[in-house]
Amino acid sequence: MKIRVLKHDLNESIQHVAKAISSRTTIPILTGIKLEVNFQGMTLTASDTDISIQAFIPAEDQNKQIVQVERPGSVVLPAKFFVEMIKKLPSAEIEMEVQEGFKTQIRSGSTDIQMVGLDPEEFPVLPSIEENQVISMPGDLLKNMIKQTVFSISSNETSPILTGVLWSLSENQFKFVATDRHRLASRTAELSNDDQVRFSNIVISGKTLNELSKIVPDQNTIVDIVVADNQVLFKIDRVLFYTRILDGTYPDTSKIIPTTYKTELVLDTKKLSDSIDRAYLLSREEKTNIVRLQTMDNGSIEISSSSSELGKVTEQLDLAEFTGEQVRISFNSKYMLDVLKVVESEQLHIGFTGAMSPIIIKPMDDTQSLYLILPYRTTN
């Protein structure tokens, strides 16, 4: 293999595929990035068995030569060194040549690097996926749905299924649900896809979705999603992102979401967020994060928290609307702040069915999102 390639394009592709490199792998070949070159261009692949990412650099794009191929071939190069080195090379063009025994010479400007490569034949083959179930959606919508749900996954590996986000698609309603048994986030979007595509109990690791989100461009790129038996493939421009579906059955969360409320509040999102943020400073010191919310007779709510060492914070917030019974409830302020960070609506609807029943939070101008937080039982 002997090529010349533009540094910018090579570096961009390396940054994409490097997200699939795991430092914990016991398989030496998976610590590397596989490079394959033919006269159409260059393909880079990385995998940690759970996710695999492939990026393609065309030989030519919009009449601009990106890869000049003198001799096709392939090699696996150690990712840790390769990723950092390419970023720091001095010249806009890089020359690469693979010699006998997969020794690889990389030249850029006056820099000359010799790298020990590995046999590409040992690199695992990417999963072959039947493209029967394919949906397409705008990249910014996908990123938003991930951001508005993934914070509610469990970090406890004893329930692996809860470390993922549940996906379901029925009648063009694409739904994400995440829960760690103490809170829940749900986000739905309507897709104008083929109504024949339907699936349920597709659970994808939250960590994986965070990595995927970094690859999806901010501009309105269409992402094709291929759902197969145990794999999901995302096609983003010239990047293929494969991920394994988590094993197991996701718990049915629909039964815990109330449909009627004893108390309903409508209030300003930012004012509530700022108020809880201040109360959180004290509750954090107690290592409990407990903040109390109490409705007042004058149509406002009181937010308070206390610390045995530091003291107490109390403030009142005006409500835009208040219906139903008075309520006094305690909850994890960090969970509430996590919700308020991803809500884009200026006002919130909060519903209560009792002091020990789930708190339901809905953005006022977004019927597609719902958040649930379980309250705490406190003595005072």
Side-chain angles (χ1 to χ4, degrees), residues 129-154 161-181 183-206 208-210 212-213 216 220-236 241 243-246 248-261 338-339 342-345 347-351 358-373:
I129 289 186
E130 285 187 18
E131 301 200 7
N132 298 331
Q133 299 240 73
V134 185
I135 58 172
S136 301
M137 68 187 295
D140 54 353
L141 174 60
L142 176 61
K143 284 179 82 146
N144 224 8
M145 290 180 75
I146 292 170
K147 183 180 86 171
Q148 291 174 341
T149 52
V150 77
F151 65 87
S152 283
I153 63 163
S154 172
I161 198 77
L162 295 183
T163 63
V165 178
L166 172 70
W167 287 19
S168 58
L169 176 65
S170 177
E171 294 173 355
N172 288 337
Q173 294 292 313
F174 193 24
K175 187 174 186 180
F176 287 19
V177 175
T179 184
D180 63 3
R181 292 204 173 98
R183 55 176 167 175
L184 176 145
S186 159
R187 173 74 159 87
T188 309
E190 188 155 338
L191 302 184
S192 51
N193 278 288
D194 178 0
D195 194 29
Q196 299 304 308
V197 180
R198 290 163 182 257
F199 51 78
S200 58
N201 203 49
I202 301 286
V203 184
I204 299 175
S205 154
T208 296
L209 290 174
N210 278 328
L212 172 71
S213 202
V216 178
N220 213 352
T221 309
I222 293 295
V223 178
D224 291 329
I225 303 170
V226 185
V227 179
D229 289 344
N230 61 351
Q231 292 273 344
V232 177
L233 164 62
F234 301 88
K235 297 179 171 184
I236 312 142
F241 187 112
T243 178
R244 195 172 58 82
I245 294 169
L246 295 183
T249 303
Y250 205 83
D252 180 4
T253 56
S254 60
K255 296 182 179 67
I256 61 167
I257 299 168
T259 50
T260 57
Y261 306 106
D338 284 345
V339 170
V342 300
V343 168
E344 292 168 357
S345 171
Q347 286 192 318
L348 283 179
H349 174 278
I350 306 182
I359 304 164
I360 303 294
I361 306 144
K362 294 180 185 176
M364 283 297 283
D365 60 5
D366 172 13
T367 57
Q368 307 278 43
S369 302
L370 179 145
Y371 304 96
L372 177 153
I373 297 171

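Remember, it's a predicted structure, so these values are computed and weren't measured experimentally. Heavy atoms only: backbone and side chains are in, while hydrogens, waters and symmetry mates are out.
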**Student:** Kindly determine whether S152 and L184 satisfy side chain to side chain contact (heavy atoms under 4.5 Å, CB included), including the steps that lead there.
**Tutor:** CA-CA 6 Å; S152 283; L184 176 145; 5.8 Å; no
**Student:** List the residues meeting salt bridge (Lys or Arg N to Asp or Glu O under 4.0 Å) with D338, not counting sequence neighbours, and say none if there are none.
**Tutor:**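 With sequence neighbours excluded, D338 shows a salt bridge (Lys or Arg N to Asp or Glu O under 4.0 Å) to R183, K334, K341, given in chain and number order.
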**Student:** Within this structure, what is the CD1-CD1 distance for the pair I153 and I161, rounded to the nearest 0.5 Å?
**Tutor:**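 Interatomic distance, I153 CD1 to I161 CD1, rounded to 0.5 Å: 12.0 Å.
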**Student:** Determine, step by step, whether I204 and L246 satisfy the side chain to side chain contact (heavy atoms under 4.5 Å, CB included) criterion, reporting the C-alpha distance in whole Å, the side-chain angles of both residues, the deciding distance to 0.1 Å, and the verdict.
**Tutor:** CA-CA 6 Å; I204 299 175; L246 295 183; over 6 Å; no
**Student:** Which distance, rounded to the nearest 0.5 Å, do you find between the CD1 of I222 and the CD1 of I236?
**Tutor:** 12.0 Å
**Student:** Does R187 have any salt bridge (Lys or Arg N to Asp or Glu O under 4.0 Å) partners at least two apart in sequence or in another chain, and if so, which?
**Tutor:**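 Salt bridge (Lys or Arg N to Asp or Glu O under 4.0 Å) list for R187, sorted by chain: empty.
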**Student:** Does the side chain of V165 reach to within under 4.5 Å of the side chain of I146, using non-hydrogen atoms?
**Tutor:**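 Side-chain contact under 4.5 Å: no.
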**Student:** So do I361 and L370 actually touch side chain to side chain, heavy atoms under 4.5 Å?
**Tutor:**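 A side-chain contact under 4.5 Å is absent here.
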**Student:** Please round to the nearest 0.5 Å and tell me the distance separating atom CD of E130 and atom CD of Q231.
**Tutor:** 13.0 Å
**Student:** Give a yes or no on whether the backbone of A228 and the side-chain of N132 come within a donor-acceptor separation of less than 3.5 Å.
**Tutor:** no
**Student:** How long is the gap from CG on N210 to CZ on F151, to the nearest 0.5 Å?
**Tutor:**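 Going from the CG atom of N210 to the CZ atom of F151 covers 12.0 Å.
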**Student:** Is there a side chain to side chain contact (heavy atoms under 4.5 Å, CB included) between W167 and I225 once you walk through the steps?
**Tutor:** CA-CA 12 Å; W167 287 19; I225 303 170; 4.1 Å; yes
**Student:** Please examine the side chains of I350 and Y261, heavy atoms only from C-beta on, and report whether any two atoms are closer than 4.5 Å.
**Tutor:**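 A side-chain contact is absent here, since even the closest heavy-atom pair is not under 4.5 Å.
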**Student:** Tell me if a side-chain donor or acceptor on T221 pairs with a main-chain N or O of G139 at a distance below 3.5 Å.
**Tutor:** no
**Student:** Quick one: does any side-chain atom of Q133 pair with a main-chain N or O of R198 as donor and acceptor, under 3.5 Å?
**Tutor:** yes
**Student:** Enter the distance from S213:OG to M145:CE here, rounded to the nearest 0.5 Å.
**Tutor:**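 Reported to 0.5 Å precision, the distance equals 12.0 Å.
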**Student:** Side chains of L212 and T243: closer than 4.5 Å at any heavy-atom pair?
**Tutor:** no
**Student:** Applying side-chain contact (heavy atoms from CB on, under 4.5 Å) between F174 and each of I135, T188, L141, report the one that passes.
**Tutor:** I135
**Student:** Taking only residues two or more places apart in sequence or in another chain, which ones pass salt bridge (Lys or Arg N to Asp or Glu O under 4.0 Å) with D365?
**Tutor:**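 Salt bridge (Lys or Arg N to Asp or Glu O under 4.0 Å) list for D365, sorted by chain: empty.
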**Student:** Please identify which of these residues, T149, N144, V150, meets the side-chain contact (heavy atoms from CB on, under 4.5 Å) condition with K147.
**Tutor:** N144
**Student:** Would you say the side chain of Y371 lies within less than 4.5 Å of the side chain of L348, judging by non-hydrogen atoms?
**Tutor:** no
**Student:** Just do the side chain to side chain contact (heavy atoms under 4.5 Å, CB included) check on Q368 and Q148 with the steps written out, would you?
**Tutor:** CA-CA 11 Å; Q368 307 278 43; Q148 291 174 341; over 6 Å; no
**Student:** Between D366 and E344, is there a side-chain heavy-atom distance shorter than 4.5 Å?
**Tutor:**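 Of all side-chain heavy-atom pairs linking D366 with E344, none is under 4.5 Å.
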**Student:** Kindly compute the distance separating CG (D224) from OG (S136), expressed to the nearest 0.5 Å.
**Tutor:** 3.5 Å
**Student:** Would you check if V226 and V134 make a side-chain contact, meaning some heavy-atom pair closer than 4.5 Å?
**Tutor:**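 They are in side-chain contact.
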**Student:** Side chain of N220, backbone of P138: donor and acceptor closer than 3.5 Å?
**Tutor:**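 Checked: no pair found.
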